[in-house]
Protein chains: 2
Amino acid sequence: MTQKAIFYHAGCPVCVAAENRITEIIDRGRVDLEIVHLGDMPGRIDEAEAVGVKSVPALVIDGAALHINHGADLSALR
Amino acid sequence: MTQKAIFYHAGCPVCVAAENRITEIIDRGRVDLEIVHLGDMPGRIDEAEAVGVKSVPALVIDGAALHINHGADLSALR
């Protein structure tokens with residue numbers, strides 16, 4: 001069974017570094033990873049906030065938000 | 001080629017939640033994951049600090065520290 005994970009970022013250096021690390025360790029056979037650039041897709045900021053994302057980069061797995069280091073607060077992206 | 005990753009934690013609820021998420025998405029075929037409880041192994045706090053870990057839980061991959069949410073500052077574990 002694959003599970004869904006969403007990596008939210010905003011293209012910042014901290015985001016890119018975290019994205020590179022996460023994408024290299026994740027098991028793509030079991031995890032369906034979607035990468036969402038909130039700067040390009042501001043319409044998805046509400047969705048991220050609804051599952052508890054407060055800053056980017058963040059990885060959401062099974063509806064749980066993991067904030068990975070700190071690039072920018074979500075509020076700064078609106 | 002497998003790569004080495006170390007997950008540092010201190011047994012806190014935030015740590016355990018993050019550990020569960022990370023261990024379920026990581027590709028164990030490519031990543032050699034070591035879990036280090038710094039409360040049980042305070043002798044390894046210096047090693048964590050040396051690679052840039054400032055708080056737990058944190059995942060270190062290729063010498064880069066990813067702080068995942070925030071359980072406790074490293075200084076609180078000494």
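Below, read A as the first sequence line, B as the second, and so on, with proteins coming before strands; counting in each chain starts at 1.
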Audit row: Ile68(A), His67(B), side chain to side chain contact (heavy atoms under 4.5 Å, CB included) steps and yes/no: CA-CA 5 Å; Ile68(A) 301 171; His67(B) 298 92; over 6 Å; no

Using non-hydrogen atoms and a 4.5 Å limit, figure out which bit of Ala18(A) sits close to chain B: side chain, backbone, both or neither. both

Just checking Lys4(A): does its NZ atom have more than 12 heavy atoms from other residues, nucleotides or ligands closer to it than 6.0 angstrom? yes

Is it the backbone or the side chain of Ala65(A) that comes under 4.5 Å from a heavy atom of chain B, or both, or neither? backbone

Quick check: is Val53(B) connected to Ile45(B) through a chain of hydrophobic side chains (ILVMFWY, heavy atoms under 4.5 Å apart)? yes

Look only at the side chain of Asp27(B) and the backbone of Gly29(A), and say whether a donor-acceptor pair between them is shorter than 3.5 Å. no

Could you tell me whether the side chain of Gln3(B) reaches within less than 4.5 Å of the side chain of Ile25(A), counting heavy atoms only? yes

Examine Val16(A) and Leu38(A) and state if one hydrophobic cluster contains both, with Ile, Leu, Val, Met, Phe, Trp and Tyr joined whenever side-chain heavy atoms are less than 4.5 Å apart. no

If every non-hydrogen atom of Glu24(A) is compared with every non-hydrogen atom of Asp62(B), which pair is closest and at what distance? OE2-OD2, 3.2 Å

So for Leu59(B), is it side chain, backbone, both, or neither that comes closer than 4.5 Å to the heavy atoms of chain A? side chain

What heavy-atom pair brings Leu66(A) and Arg21(B) nearest, and what distance separates the two atoms? CD1-CB, 3.7 Å

When hydrophobic residues are tied together by side-chain contacts of less than 4.5 Å, even through go-betweens, does Val60(B) share a cluster with Ile35(B)? no

Going only through I, L, V, M, F, W and Y residues with side-chain contacts under 4.5 Å, is there a path from Ile61(A) to Leu33(B)? yes

Is there a path of hydrophobic side-chain contacts, each under 4.5 Å between heavy atoms, that joins Ile26(A) and Ile6(A)? no

